[in-house]
2 protein chains.
Amino acid sequence: MSARNTDTKEEILRIGKQLIQFYGYNAFSYADISRELNVKNAAVHYHFRGKEDLLMALIQNYIDNYQLLAQQLKASNLKAIGKLDKFIERYSMLCETNSICIIGSIASDFNTLPNSVKEKVTELINLVMSLVEQTLSEGKRKGELAFTEVARTQALLLMTNLAAGVQLARISGKKDYEAIRKAIIRQVKV
Amino acid sequence: MSARNTDTKEEILRIGKQLIQFYGYNAFSYADISRELNVKNAAVHYHFRGKEDLLMALIQNYIDNYQLLAQQLKASNLKAIGKLDKFIERYSMLCETNSICIIGSIASDFNTLPNSVKEKVTELINLVMSLVEQTLSEGKRKGELAFTEVARTQALLLMTNLAAGVQLARISGKKDYEAIRKAIIRQVKV
DNA sequence: AGGAAAACTTACCTATTAGTAAGTTATTAT
DNA sequence: ATAATAACTTACTAATAGGTAAGTTTTCCT
């Protein structure tokens, strides 16, 4: 038999993330994951009892990841624009692969999800929103950014531009995403 | 037997639209429709051979609807802000029922759809985008609106704010949508 | 009134989905 | 070395999905 893969669990998460961002939560199955990993679907169930548990772990992964980003940005000596760039870059990468952000993907399927997942998504949204909002308001305070809306509203505008930007890019092309990306920066530049 | 319903086809479209906006394309089945209509699922297949055909008809419905709106706005003597309001109102109504726009819903499932549907969605997007873009540029020309981006980019920003706005509202609440809606207007007001 | 066409129902089918119970193999700790 | 545990596979479910063929009922047209 082939050598045992000790990080199947992480591989499942990696593939699950890819699938949800490319096809959507209700459009992929455990069979898709097990096929790509060359294991049986029961192996996926071993690591994540049900699809709901996998989704929960996936969202938690995102939360951990954004918490890490928040720390890194705090520790860095980047200006506000640089910090926003680091954030926006993630969406640009999604766009490259015709994928959409997990928040947008889940938002579409939101009404089919159990409450536990809904709450976890809310946690993720709150984290991302406060990261963007703080970056914006701190940047404004330091004179590195300029905008007229309150920081929270400006963060909402920025977030929705990005989230729907990658969605739209799938349909009408990547140039539209690029136009949005540049306009976002112009909106907050001094 | 009960009286025959002669507009089953339109009812199917109505319910299908509701389901796709509330649950998403890959999360509803013909059984959901037939149950609500008190017919058998074969009856749904009689009117729309397959799910793909139903989706096509649904998108065509939207196209017709937006073409009508474009005509109505052209024929009206509303100012640009008033025209935008008519457009935005549609999203506000979606938000009220925890629904999202069909474009956002389909964008999430885009990579699972056959090419015929993809092309039809592109047609819809182009129509909506040109409606918004024209309203914006005409408003600017008449001095009723003011913004610094080119009209096409401003339309992209507005569209993405709305599309993701209703998505976000599902998760973080309707107040966020309201904040976005008001900010959109401020962005283009003279 | 009678026939054609429309609008269904009945009764299937096949594929897939999420999931489980029980057994097997490999790894680790003692 | 061995027992426990982790990481699987084998071999199933039951439910649902999307779909079809053939028959029945209703409506429309003449």
Side-chain angles (χ1 to χ4, degrees), chain A residues 1-20 22-59 105-106 108-118, chain B residues 1-20 22-59 105-106 108-109 111-117:
Chain A
M1 285 282 134
S2 63
R4 225 139 236 269
N5 199 346
T6 52
D7 44 28
T8 302
K9 191 164 186 172
E10 278 169 36
E11 286 284 281
I12 293 172
L13 285 169
R14 207 201 80 235
I15 294 166
K17 182 181 161 185
Q18 252 175 235
L19 288 169
I20 203 175
F22 197 77
Y23 295 116
Y25 179 68
N26 285 313
F28 84 89
S29 73
Y30 270 30
D32 294 323
I33 297 177
S34 58
R35 202 181 308 118
E36 194 163 328
L37 273 179
N38 280 313
V39 294
K40 302 297 158 185
N41 81 89
V44 184
H45 279 285
Y46 170 76
H47 289 288
F48 300 96
R49 197 185 283 233
K51 217 179 162 184
E52 182 185 329
D53 304 81
L54 174 57
L55 184 56
M56 282 291 264
L58 232 44
I59 300 167
S105 182
I106 292 175
S108 301
D109 293 328
F110 198 68
N111 292 325
T112 70
L113 302 173
N115 283 328
S116 53
V117 179
K118 288 186 180 178
Chain B
M1 282 284 137
S2 62
R4 227 135 234 267
N5 198 347
T6 52
D7 43 28
T8 303
K9 191 165 186 170
E10 277 169 37
E11 286 284 282
I12 293 172
L13 285 169
R14 206 201 81 235
I15 294 166
K17 181 180 161 185
Q18 251 176 236
L19 288 170
I20 203 174
F22 197 76
Y23 294 116
Y25 179 68
N26 286 312
F28 84 89
S29 72
Y30 271 29
D32 294 323
I33 296 177
S34 58
R35 202 181 307 119
E36 194 162 328
L37 274 178
N38 280 315
V39 295
K40 301 298 158 183
N41 80 88
V44 184
H45 279 285
Y46 170 76
H47 290 287
F48 301 96
R49 195 186 284 236
K51 216 179 164 186
E52 182 184 328
D53 303 83
L54 173 57
L55 185 56
M56 281 291 265
L58 231 43
I59 300 168
S105 184
I106 290 176
S108 300
D109 292 328
N111 292 325
T112 71
L113 302 173
N115 283 328
S116 54
V117 179

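Residue numbers start from 1 in every chain, and the chains themselves are labelled A, B, ... in the order their sequence lines are given, proteins ahead of strands.
Straight-line distance from the CD1 atom of A:I33 to the P atom of C:dG19: 12 Å, rounded to whole Å. Distance, A:N26 CG to D:dG18 P: 12 Å, rounded to whole Å. In this structure, B:I12 atom CD1 and C:dA7 atom P are separated by 11 Å, rounded to whole Å. The interatomic distance linking B:N38 (CG) with C:dT9 (C1') rounds to 14 Å, in whole Å. Atom CD in A:E52 sits about 13 Å away from atom P in C:dA18, given to the nearest Å. Atom C1' of nucleotide D:dA21 and atom NZ of B:K40 are separated by 18 Å, given to the nearest angstrom. Spacing between atom CZ of A:R49 and atom C1' of C:dT20 amounts to 11 Å, rounded to whole angstrom units. Rounded to an integer number of Å, the gap from CG of B:D7 to P of C:dA7 is 11 Å.
OP1 or OP2 of C:dT9 has not a single side-chain nitrogen or oxygen of B:H45 nearer than 4.0 Å. Taking side-chain N and O atoms only, B:T8 has no distance below 4.0 Å to OP1 or OP2 of C:dA7. At C:dC8, none of the side-chain N or O atoms of B:Y46 fall inside 4.0 Å of OP1 or OP2 (strictly under the cut-off).
At distances below 3.5 Å, not a single donor-acceptor pair connects side-chain atoms of B:N26 with backbone N or O atoms of A:N26. Of the possible polar contacts, none joining the A:N41 side chain to the A:Y30 backbone as a donor-acceptor pair under 3.5 Å is found.
Annotation: side chain of A:I20 is in contact with side chain of A:I106 (closest heavy-atom distance under 4.5 Å). Between A:E10 and A:R14, the closest side-chain pair of non-hydrogen atoms is not below 4.5 Å.
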Got a list of side-chain donor-acceptor pairs under 3.5 Å for residues 44-59 of chain A, not counting sequence neighbours?
{"unit_1": "A:H45", "atom_1": "ND1", "unit_2": "A:R49", "atom_2": "O", "d": "2.9"}
{"unit_1": "A:K51", "atom_1": "NZ", "unit_2": "A:Y25", "atom_2": "O", "d": "2.8"}
{"unit_1": "A:K51", "atom_1": "NZ", "unit_2": "A:F28", "atom_2": "O", "d": "2.6"}
{"unit_1": "A:E52", "atom_1": "OE2", "unit_2": "A:S116", "atom_2": "OG", "d": "3.2"}
{"unit_1": "A:D53", "atom_1": "OD1", "unit_2": "A:G50", "atom_2": "N", "d": "3.1"}

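A:I12 contributes atom CD1, which lies 15.5 Å from atom NZ of A:K17 (distance to the nearest 0.5 angstrom).
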Report, one pair per line, the protein and nucleotides 12-17 of chain D atoms (nitrogen or oxygen only) whose separation is under 3.5 Å.
{"unit_1": "D:dA17", "atom_1": "OP1", "unit_2": "B:S29", "atom_2": "OG", "d": "3.2"}

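When all heavy atoms are compared, the tightest approach of A:S108 to B:S105 is OG-CA, 4.5 Å.
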